[in-house]
Amino acid sequence: MCGIVGYLGKGNAKSIVLEGLKRLEYRGYDSAGLSLLDEKQNQFNIYKEKGRIAQLEKIIDLNDARVAIGHTRWATHGRVTKENAHPHQSNNGRFIVVHNGVIDNYKSLMKTYLPDTVFHSETDTEVIVNLIELFAVKKTPANAILEVLKLLEGSYALLVIDINTPETIYAAKHKSPLLLGKSDKGIVIGSDMMALVNTADNYLALDDETFLRITPKNFTLYNLEGEVLPYTMSLLDLDDFSSEKGEFEHFMLKEIHEQPAVLRRIISKYYNDTDIHIDKILLEKIKAHDSIHILAAGTSMHAGLIAKDLLESLANIPTQVHIASEFAYQQPLLKGKPYFILISQSGETADLRACLVNLKKEKYQTLTVTNVRTSTLAREADDYMEIYAGPEIAVASTKAYTAQIAVLATLAYALSDQSFDLKRELSEIAQAMEHFLDKKDQYKDLVAATLTKRNCFYIGRGLDYYVCLEAALKLKEISYIQTEGFAAGELKHGTIALIEEDTPVIAIISNRKTADNTRSNLNEVKSRGAKTLTITTESLKETDDQIVLDDVNPSLSPLLTVIPTQLIAYYAALIRGHDIDKPRNLAKSVTVE
Ligand code: M6R
C-alpha cells in the first residue's frame, strides 16, 4: 500500500528509483510519480501518471539523474487522479514531498496555518509540503520539517527535497515503514526492503519519530527534537527465494508451487534430528501464561484459526483468535495471564500495529510470527518467529498461509509433551503437495465448468471449515466471484435459501469424524440444483469426488487441502483475464487502518 523510493549517489537515480518502485508494485497502487534532478537546468522535474509505472516511464524525458524520489499511491485522500498522485510540490515550488500514511488532523492544520493557501489536490500530503514551506521562511529546512512533524497526527513515511540544496534528501518516519540502504555508490531509502534490493549492502530500519538528513555519501539520524541518534546498520541478507517470476506466468502460481520447498525450509530451520530450534526462554515464557490470544488480519487470521486448533489440541493452551482491526478498538475482557501472538506475513499491517501499541502500553508479552524479520511488528514485539516463506509478491497470499501454519504447528508441538514425529508429518505433506501440483493442469477445465455463476460457496466442518474461509477469501479477491466460506452444518439455518440452479458449492472433506455429515449437507444443496465439487482425501473419497489428495495427519490437513483452493482461485482469475498478481483495489501491505 503506497510505496516510496528515493536515491542519491553515483548510480543512475532514475532507473534505481523506477526499479525500486517496480519492486514495490506488489504492495498495490493506483498511480505513480517521480521527481528527478535535471542538472543541466538545475531544477527538479516532476512526472506523475494514473495507473501503472509503465505509463509513468513513458512520459519521463530525462535519461539520467543523481537525485530522485518516487512514489506509488494507493488512494486514501481523494480519488485516483494525476493531481492527487505524488510527488507534491509546495506552492512557491521550493519543496517537493512524497508521503505514505494518513495525516488525521490535516484539515485542522489547513484551517489553522494555511487558511489562504490554494490546494491543487485533495490529499493530506499537500498540507505537509505547504506547511514546510511556511515554516522554512524563518527556519532552516531541517528545523522547518521538524516543526511540521511535531504537528502531524497519524502516520507518515516522508521524503522531502528542498530545491535550494538539491543534493540532500530529508526523510522522516512515524508508524509507516521506512528503511535506508547504503552502498559505496550511494544511499537509497524506501518503504520496503524490496526497494533496497540490488542497490544497498547494508540497511537501517528506522524507528518511529525519527528524522534523517541524507547526502550522497552519508546521513545523520535525529529524533524529533533534532538530537543526533546513534544507529547500527545491518547486513542486507537477501533471501534464497528469488523475487523474479522465472518460468511461471504469475507470481501467484510460482508461490503456490514454492510451498513444498517452503515447508522443507521450515523443517531445516526449526528441526534437527532430535530437537526443535525454538528458544527455550521463549517457550518457558509462553508456558507461564494461561491463555493465548492470536491477532491477525485476512489470510493470516485464517492461519491463526488453524493455529488455535493446534495450540489447544497439542499444547492444551486455551486460545482465541481475533480480527486485529476489531481488537484494536474493542479489546475483550482479558482475564488471568494472557499471551499474545501476532501473525502477519508483511509485519507491517497497521491494524496489528495499533493492537501492538496498546498491548505494549498494558505490558502484555507479545510474539510476532512473520515473513519479514526486519518488519515493524517483528522489531516491536517482545519476540518474533520467522516463517521463511521468501518474498511473497502476489497480493493473494498463498505460501505465507501454509508457512504460518507450519511454524505455529511447530510452536504448538514444542509447547506440548507430545512425541509424534511432526518433522516427518510435515515432509510427507510437502510430498503430497507436490503430488497434487504435478496434476494441476487437469483442473483448469473443471474450474471453468464449475464456476459459471457470480457467486460460490465453500463448505466444510472443523478445520475444513477454517480452510473454507481462506478458500473463499482467495477466490473472491482475485476472481471477484462473490464467495462465502460456510460451516457446512450452518447452511440449513438460512444460507441454503441462496442455492439455485447451478450455484457452485465446493466441499472440503478431510476429517473422518465429520465427513458423512458434510456429505449430507452437500447432498442437500445438490438436490436444490447446486453444481458441486468435492476436495477430499484418498481414505475418504467416494466415486464422483473430483479432487482427491493424499492422506496426511488430519490435524495438519489444512496445509494440503488449501492447495487446490488456491489453484481454483488462480484458474478462475486466469479464465476471466484478471490481473492475478495485482487484483483491483487491493494492496499487499496494508499500512493504513
Ligand atoms: O501482511 P499480513 O499478513 O498482516 O496481511 C494481512 C492481510 O492483509 C492479508 O492476508 C490479505 O488478506 C491477503 N491479501 C489475502 O490474500
Side-chain angles (χ1 to χ4, degrees), residues 1-2 24-29 74 176-177 191-194 250-253 255-256 259 294-307 321-328 341-356 366-378 380-381 384-387 389-405 407-408 466-467 469-480 483 485 562-563 565-570 572-573 578-593:
M1 198 172 255
C2 291
L24 299 187
E25 277 191 305
Y26 78 100
R27 294 165 66 99
Y29 70 105
W74 190 85
S176 292
S191 40
D192 182 315
M193 192 64 97
M194 297 300 281
H250 296 99
F251 278 110
M252 182 180 178
L253 190 61
E255 288 158 9
I256 290 172
Q259 290 174 104
I294 293 177
L295 309 177
T299 290
S300 299
M301 198 273 287
H302 296 151
L305 293 169
I306 313 291
V321 184
H322 306 272
I323 296 172
S325 55
E326 287 297 307
F327 188 95
I341 299 181
L342 288 77
I343 310 176
S344 175
Q345 186 283 130
S346 63
E348 300 294 350
T349 298
D351 295 323
L352 274 167
R353 177 93 197 289
C355 297
L356 184 56
T366 51
L367 163 72
T368 293
V369 176
T370 183
N371 201 21
V372 186
R373 61 176 167 272
T374 52
S375 63
T376 307
L377 295 172
E380 294 186 353
Y384 79 90
M385 287 177 74
E386 199 173 342
I387 62 167
E392 190 180 62
I393 308 294
V395 165
S397 182
T398 52
K399 60 178 180 170
Y401 172 81
T402 42
Q404 286 162 344
I405 294 172
V407 168
L408 284 156
Y466 293 155
V467 177
L469 296 177
E470 170 55 13
L473 175 63
K474 212 82 322 163
L475 185 57
K476 66 184 130 185
E477 75 176 322
I478 59 167
S479 75
Y480 316 144
T483 314
V562 77
I563 310 287
T565 73
Q566 296 169 344
L567 262 188
I568 289 171
Y570 176 79
H578 294 165
D579 188 346
I580 293 182
D581 289 332
K582 297 187 221 74
R584 70 182 181 208
N585 303 338
L586 294 181
K588 181 71 181 165
S589 189
V590 185
T591 50
V592 295
E593 281 183 54

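Whatever order the structure lists ligands and atoms in, that order sets their numbers, starting from 1.
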Under 4.0 Å from a heavy atom of [X]: give me the atoms of ligand 1 that qualify, with their elements.
X: G298; answer: 10 (O), 12 (O)
X: T349; answer: 1 (O), 2 (P), 4 (O), 5 (O)
X: A396; answer: 16 (O)

Among all protein heavy atoms, pick out the one at the shortest distance from [atom]; state its residue, atom name and that distance to 0.1 Å.
atom: atom 1 (O) of ligand 1; answer: S346 OG, 2.6 Å
atom: atom 7 (C) of ligand 1; answer: A297 O, 3.7 Å
atom: atom 8 (O) of ligand 1; answer: V590 CG2, 3.8 Å
atom: atom 9 (C) of ligand 1; answer: T299 N, 4.0 Å

Does any part of the side chain of L352, heavy atoms only, come nearer than 4.5 Å to the side chain of L295, both counted from C-beta?
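Yes, at least one pair of side-chain atoms sits under 4.5 Å.
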
Does some side-chain heavy atom of E477 sit less than 4.5 Å from a side-chain heavy atom of V395?
yes

Applying the side-chain hydrogen bond (donor to acceptor under 3.5 Å, both in side chains) criterion to Q566, which one of Q259, K399, E255 satisfies it?
Q259

Would V395 count as being in polar contact with ligand 1, using the rule that some N or O on each side must be under 3.5 angstrom apart?
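Right, the criterion is met.
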
Taking distance alone, with no angle check, do S300 and ligand 1 share an N/O pair under 3.5 Å?
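There is such a contact, yes.
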
Tell me which one of S346, S344, C355 satisfies side chain to side chain contact (heavy atoms under 4.5 Å, CB included) with L377.
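That would be S344.
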
K474 near ligand 1 by a heavy-atom separation under 4.0 Å
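Yes, that is the case, since the closest heavy atom of the residue is under 4.0 Å from the ligand.
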
Any residue meeting salt bridge (charged side-chain N to carboxylate O under 4.0 Å, His left out) with E392, in chain and number order, not counting sequence neighbours
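Salt bridge (charged side-chain N to carboxylate O under 4.0 Å, His left out) list for E392, sorted by chain: K588.
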
Is there a donor in the side chain of [X] and an acceptor in the side chain of [Y], or the other way round, less than 3.5 Å apart?
X: T483; Y: K474; answer: no
X: T376; Y: E348; answer: yes
X: Y480; Y: H578; answer: no

Would you kindly specify which portion of E477 sits under 4.0 Å from ligand 1, judged on non-hydrogen atoms: side chain, backbone, both or neither?
side chain

